[in-house]
Amino acid sequence: MRYAFPKKEKLKSKKLIDLLFEEGKSVSVYPIKLIYLRTALPENVRIQAGVTVSKKNFKSAVRRNRIKRLLRESYRLNKGQVFNNSDDTFAFLFLYLGKEMPNFGEIAPKMVELLHKFLVKEKTH
RNA sequence: UUAGCAGGUCUCCCUAUCGCUUUGUUCCGAAUCUUAAUCGGUUCAAAGAGGAAAGUCCGGACACCAUAGUGCGGCAUAGCGGGUAACGCCCGUCGUUCGCUAAUAUUAGCGUAACAGGACCAGUGCAGCAGAAAGUAUGUACAGGUAAGGCUGUAGUGAAAUCAGGUAAACUCUAUGCGGUGAAACGCCAUGUAAAUCGGUGUUUGAGGGUUGCACGUCCGAGCCGAAGGGUAGGCGGUUAGAGCGUAAUAGUAAUGUUACGACUAGAUAAAUGAUAGGGUAUCUUGUGACUUUUAGGAUAACCUGAACAGUUACAAGGGAAACAGAAUCCGGCUUAUGGCCUGCUUUUUUU
RNA sequence: GGCCCCGUGGCGCAACUGAAUAGCGCAUCAGAUUUCGGCUCUGAGGGUUGCAGGUUUGAAUCCUGCCGGGGUCA
């Protein structure tokens, strides 16, 4: 399994994002929340993922960028979990709910836990 | 040693692994009669945030709007001279205020100092309290003076009391400048529905729009407005080499100009430039030793012992880039935020 | 990316054509009334007018620069 996270796997369609907020389900492991939806995607990939950080909690653009990079990085390194255990196509959106600056050591284990929780929830359905 | 001001300068480096974007390139596939081009994947290589990228406060470039016209309105600037593409920016200079110093009783010199610094003999307005009186003046006391009289001076209130009064960051006037809208400008391509329904209004007696704060003028002109409902919300160009940067010479008090040479691929778009691990440097903290300086005691040619603050240096241990901050069409300024280092000046404290 | 508006006691608002004690309602506190509480009545406290400069004799008000909040445009 490769750890690449190219442009095609990024969630960009405004339409899909609106749909996610309307119809998506969610799991969360504080401080990360995952909103997801089983749906068709415009590109020929299994999952499109996006990240978002509230401007209200972090006014500095530098900090918002930093958190988004950490979220992307941790997803990139751990997405193999999902690809190996599921064949459906999904749209993902990760939200950062915390109000404190995290570091990679805090984010990465939470991401692993979150993706595991997601898989368990989907299999029971 | 503390704090500040001004000027200059920098905004870590190396290795490994895993990634992102752009450009070039290798190979493979799709499509096509073939090639080129195109699309998808892939190999390798190169490049990839700032001094403020920020605030959006000024000024431009550039683009579009009818060849941007006229009148009214509106906005901005304000000694003089220069610089500049331009500016509300910068430089020089004069003046005013303030502070300091020196002599002197009003000047001179200096400054990390401040200045929106045209006009109140064009007109209009405004001035609480105090005060007799606040802009059409003139009361009291004292003194002077007249033929007579607030005719003159002083006192008193106040920021200001008849003075060509004060006030324009009051209206206003003068001079100068400004057409409007901003990359969500603008051009091209693609995708999709409903050329449907209901109501109102209009077709040369002109609805509506271009058009901007208003009016006029002018151009287009058969649709337009509302209700409920349906669809799309993608791509490409604009888009990165420039009124730019460095060095030297030269003109100028300076801002800045001129000439020569040289170097320079950031272009993202739910938004790239990152993550992890290890090491190093600048540098910081602590400890030990040596030297310098000062000082106490003893000896008295240079020496010995102890103490203190500061500095220099060597070694060891530990910490180690960490401040403000993320390009979004591009430039010139201003303002604000902020960590080092260097230079100059002012300042605080301590020791001698 | 552009444009516009607003900051006054704890909360909601006045005073914005400069004038000296910055006002009103609710809330808070104290007293009266009541067996107690509420209602009612009386009184009190609470403001560097977002911050920093400037103009002026005098600034919440005028001007400039910051800070914070909100809205709007495809």
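Fair warning: this is a prediction, and the values are worked out from it, not measured in the lab. To find a chain, count down the sequence lines: A is the first, B the second, and so on, and within it residues start at 1. Note: hydrogens, waters and symmetry copies are ignored here, and every other heavy atom, side chains too, is used.
With both ends at atom C1', the span from C:rG47 to B:rG135 equals 39 Å, rounded to whole Å. Between B:rC120 and B:rA168, the distance separating the two P atoms is 11 Å to the nearest Å. Here, B:rC261 and B:rU265 have their C1' atoms 23 Å apart, quoted to the whole Å. Here, B:rC129 and B:rC121 have their P atoms 27 Å apart, quoted to the whole Å. As rounded to the nearest Å, B:rU15 and B:rC62 have C1' atoms that lie 47 Å from one another. Using atom P as the reference point in both B:rU285 and B:rG306, the two lie 29 Å apart (nearest Å). When the P atom is used for both B:rU9 and B:rC291, the distance is 45 Å, rounded to whole Å. The separation of B:rA103 from B:rU138, taken at their C1' atoms, amounts to 46 Å, rounded to a whole angstrom.
Across every strand in view, B:rG262 sits in a pair with B:rC245 that passes the Watson-Crick or G-U test at under 3.5 angstrom. Remark: B:rA228 base-pairs with no nucleotide in the shown strands. Criterion, Watson-Crick or G-U wobble with two distances under 3.5 Å.
From A:His116, atom NE2 reaches atom CG of A:Asn78 across 13.0 Å, with rounding to the nearest 0.5 Å. Between the CG atom of A:Leu71 and the CG atom of A:Leu34 there is a distance of 11.0 Å, given to the nearest 0.5 Å. Taken to the nearest 0.5 Å, the OH atom of A:Tyr36 stands 4.5 Å off from the NZ atom of A:Lys121. The CD atom of A:Glu9 sits 13.0 Å away from atom CZ of A:Arg72, with the distance rounded to the nearest 0.5 Å.
With sequence neighbours excluded, the residues satisfying side-chain hydrogen bond (donor to acceptor under 3.5 Å, both in side chains) with A:Arg38 are A:Asp88, A:Glu122. A:Gln48 is linked by a side-chain hydrogen bond (donor to acceptor under 3.5 Å, both in side chains) to nothing, counting only residues two or more places apart in sequence or in another chain. Residues that satisfy the side chain to side chain contact (heavy atoms under 4.5 Å, CB included) test with A:Pro31, not counting sequence neighbours, are A:Tyr96, A:Lys110. When the side chain to side chain contact (heavy atoms under 4.5 Å, CB included) test is applied to A:Ser60, the partners found at least two apart in sequence or on another chain are A:Val62, A:Arg63. Partners of A:Phe5 under the ring-ring contact (aromatic ring centres under 6.0 Å, His included) rule, at least two apart in sequence or in another chain, are A:Tyr75. Remark: A:Lys117 engages A:Val29 in a side chain to side chain contact (heavy atoms under 4.5 Å, CB included) (not counting sequence neighbours). Here A:Ala91 pairs with A:Leu11, A:Leu20, A:Thr39, A:Leu41 under the side chain to side chain contact (heavy atoms under 4.5 Å, CB included) rule; sequence neighbours left out.
Looking at the side chain of A:Phe104, the nearest of the listed nucleotides B:rU276, B:rC20, B:rC18 is B:rU276.
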Write out a two-atom table: protein N or O, nucleotide N or O from nucleotides 322-329 of chain B, distance below 3.5 Å.
residue	atom	partner	partner atom	Å
B:rG326	OP2	A:Ala61	N	3.4
B:rG326	O6	A:Arg69	NH1	3.2

Pairs under 3.5 Å (N/O, protein and nucleotides 38-40 of chain B):
none

Please tabulate, one pair per line, each protein N/O and nucleotide N/O from nucleotides 265-271 of chain B that are separated by under 3.5 Å, including the distance.
residue	atom	partner	partner atom	Å
B:rU269	OP1	A:Lys7	NZ	3.2
B:rU269	OP2	A:Lys7	NZ	2.9
B:rA270	O2'	A:Leu11	O	2.8
B:rA271	OP2	A:Arg72	NH1	2.7

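Note on A:Leu114: it clusters hydrophobically with A:Leu119, by side-chain heavy-atom contacts below 4.5 Å among ILVMFWY residues.
Look at CG on A:Leu77: it is 11 Å from C1' on B:rU17, rounded to the nearest Å. A:Tyr75 places its OH atom 13 Å from the P atom of B:rC20, with the value rounded to the nearest Å.
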